[in-house]
Amino acid sequence: MIAGGGPAGACAAIHLSVRGARVLLAEQKRFPREKLCGEFISPECLEHFARLGCEERMLSAGGARLLETVFYARGGGRVSVPSEWFGSGGATALGLSRAEMDAQLLERAREAGVSVLEESHASGLLMDNGRVRGVQLKNGSGGVQDIHSLVTIDATGRTRALARRVEKQGLENHPARKRPARLVAFKAHLEGARAAEGNCEIYFYRGGYGGLSMVEGGLSNLCFIASARDVRACGNEPEKVLREVVFKNRRAAWTLEHARAASPWLAVSLEGFGRRGLVPADGLLAAGDAASFIDPFTGSGMLMALESGELAAQAILKHLPALRDGAGFEKLSGEYRTRYKERFQSRLRACAALRRAAFVPRLAEIMIFMVGASDRVRRRLARATRR
Ligand SMILES: Cc1cc2nc3c(=O)[nH]c(=O)nc-3n(C[C@H](O)[C@H](O)[C@H](O)COP(=O)(O)OP(=O)(O)OC[C@H]3O[C@@H](n4cnc5c(N)ncnc54)[C@H](O)[C@@H]3O)c2cc1C
């Protein structure tokens with residue numbers, strides 16, 4: 001049983017199903033749906049799409065090929081990173097809306113034999129002696145259904161809907177105080193931006209950064225993060241935050257001068273970044289953002305979602321015979337933890353360090369100046385966000 005139909009959930013579901021496992025995936029929304037994201041699909045994701053059997057349909061969905069990412073300091077200093085430095089053998093990145101990408105992945109999951117339930121909200125866990133045995137689903141018309149499962153994957157993104165339920169139970173006697181979110185992210189599709197074709201542009205400014213790249217339909221996707229304090233000072237108005245905060249970056253002001261939103265603005269609060277619990281309880285694994293939320297400007301959150309979905313599927317498939325005999329979860333979860341750590345630990349550290357620098361404009365300027373001088377340093381830094 002998998003809760004969440006984003007890249008982590010769909011990827012795990014496809015890998016499991018094509019290798020003979022019976023999989024049910026519950027997604028609370030009806031696809032296609034908009035999603036707040038930079039919509040920069042890094043080149044390595046295309047290798048995953050190939051393994052999942054959906055590369056062709058992703059490439060022919062009308063998205064834009066992105067050949068390089070250009071990082072702009074406030075005053076206009078820039079440094080660029082070619083997409084071909086990532087992935088194997090000269091691949092480009094892809095600019096494609098999440099509405100389209102996620103719908104394509106979910107369609108592929110259906111074709112692969114996954115039972116997909118949309119508008120099905122995973123609202124509770126079925127527990128037996130501290131072990132998760134499945135979930136309770138609520139459908140759009142209020143109906144409730146119990147789904148029993150040998151293993152459950154929480155792929156509900158940053159909400160970690162299932163993992164949080166387990167943590168809540170543990171905290172009943174020691175309630176944790178929720179910290180207010182320090183950052184807010186906004187996104188809209190724009191027309192009339194002066195985006196250079198084939199480029200993803202990243203703008204740094206005090207307290208945050210933003211990214212602009214082409215997607216399908218001749219539109220650009222603008223996604224930016226600002227401090228909650230600045231957002232409040234702008235009356236929570238995305239267009240005002242854009243003008244008063246993001247436009248402090250000279251390149252952003254020029255590129256977006258005549259741009260207009262062609263879709264409603266989406267906004268979310270960001271509580272924090274980094275590792276969360278991988279195995280919140282016996283019988284429950286977390287994948288994608290539910291396992292770790294990597295700093296967005298490195299553009300690899302979707303990649304981590306696909307990779308961790310695949311790792312979770314591999315661990316489950318290896319131990320499925322033992323699970324069917326009522327054992328095996330301990331070995332499965334141990335293996336998932338080990339392989340996850342090997343794959344992501346240093347990447348998460350590198351991205352956290354880069355983000356800290358990015359949020360301090362003076363530091364970002366110095367870094368852009370220093371890194372821009374050497375191809376070798378730029379390439380090593382770029383690779384560090386993936387290793
Ligand atoms: C500001 C910002 C910019 C970003 N830009 C990029 C970028 O340019 N490139 C990149 O690679 N990554 C980017 N990311 C990261 C990327 O969006 C995530 O890493 C990725 O979406 C994680 O995929 P996921 O499948 O884990 O979760 P999600 O994509 O969040 O999918 C989770 C799914 O679970 C569903 N769900 C939630 N709760 C329930 C429930 N109780 N029951 C059933 N379903 C449920 C949701 O509806 C959703 O469809 C960005 C993130 C942010 C915040």
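Counting starts at 1 for both ligands and their atoms, following the listed order.
Considering backbone and side-chain N/O of Ala290, none are found under 3.5 Å from N/O of ligand 1. The shortest N or O to N or O distance between Ala122 and ligand 1 is below 3.5 Å. Polar contact with ligand 1: absent for Asp102 (N/O pair, distance under 3.5 Å). Considering backbone and side-chain atoms together, Arg158 places no N or O closer than 3.5 Å to any N or O of ligand 1. Remark: ligand 1 and Lys29 share no N or O pair separated by less than 3.5 Å (distance only, no angle test). Considering backbone and side-chain N/O of Gly9, none are found under 3.5 Å from N/O of ligand 1. Below 3.5 Å of separation, one finds no N or O of Leu36 facing any N or O of ligand 1.
Arg164 and Asp154 are not joined by a salt bridge, as no carboxylate oxygen comes within less than 4.0 angstrom of a charged side-chain nitrogen. The pair Arg160-Glu167 counts as a salt bridge, with a side-chain nitrogen and a carboxylate oxygen less than 4.0 angstrom apart.
Contacts with ligand 1 closer than 4.0 Å are made by backbone heavy atoms (N, CA, C, O) of Ala155 only, the side chain lying farther away. Of the heavy atoms in Ala8, both backbone and side-chain atoms come closer than 4.0 Å to ligand 1. Contacts between Ala26 and ligand 1, counted as non-hydrogen atom pairs separated by less than 4.0 Å, involve the backbone only. In Cys223, the part holding a heavy atom less than 4.0 Å from any atom of ligand 1 is the side chain. At a heavy-atom cutoff of 4.0 Å, ligand 1 is contacted by both the backbone and the side chain of Thr156. Contact annotation for Lys187 and ligand 1: no heavy atom of the residue comes within less than 4.0 Å of the ligand.
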Side chains of residues 325-334: which donor-acceptor pairs under 3.5 Å do they make with residues two or more places apart or in other chains?
| residue | atom | partner | partner atom | Å |
| --- | --- | --- | --- | --- |
| Ser333 | OG | Phe329 | O | 3.0 |
| Ser333 | OG | Glu330 | O | 3.1 |

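Heavy atoms of Met304 come nearer than 4.0 angstrom to ligand 1 in no pair at all. Using 4.0 Å as the threshold, Cys200 has no heavy atom nearer than that to any atom of ligand 1. In this structure, Lys35 counts as a contact residue of ligand 1, since one of its heavy atoms falls inside 4.0 Å of the ligand. Not a single heavy atom of Ala3 lies less than 4.0 angstrom from ligand 1. At least one heavy atom of Phe293 lies less than 4.0 angstrom from ligand 1. Under a 4.0 angstrom heavy-atom cut-off, Ser42 registers as lying outside contact with ligand 1.
Using modelled atom types and a 3.5 Å distance limit, the side chains of His189 and Glu34 yield no donor-acceptor pair. No hydrogens or angles considered: a donor-acceptor pair under 3.5 Å links the side chains of Glu216 and Ser97. Defined by atom type and a distance below 3.5 Å, a donor-acceptor pair is missing between the side-chain atoms of Arg194 and Thr255. Side-chain contact annotation: Arg275 with Gln345, donor-acceptor N/O pair under 3.5 Å absent.
For the side-chain hydrogen bond (donor to acceptor under 3.5 Å, both in side chains) criterion with Gln104, the lone passing option out of Arg108, Glu107, Glu100 is Glu100.
For the residue pair Asp295 and Tyr209, the shortest heavy atom distance occurs at C-OH, 4.4 Å. Here the closest non-hydrogen pair linking Gly272 and Phe293 is O-CD2, 3.3 Å.
Taking Glu118 as the reference, Arg30, Phe31, Leu106, Arg110, Val116 meet the side chain to side chain contact (heavy atoms under 4.5 Å, CB included) condition, with sequence neighbours excluded.
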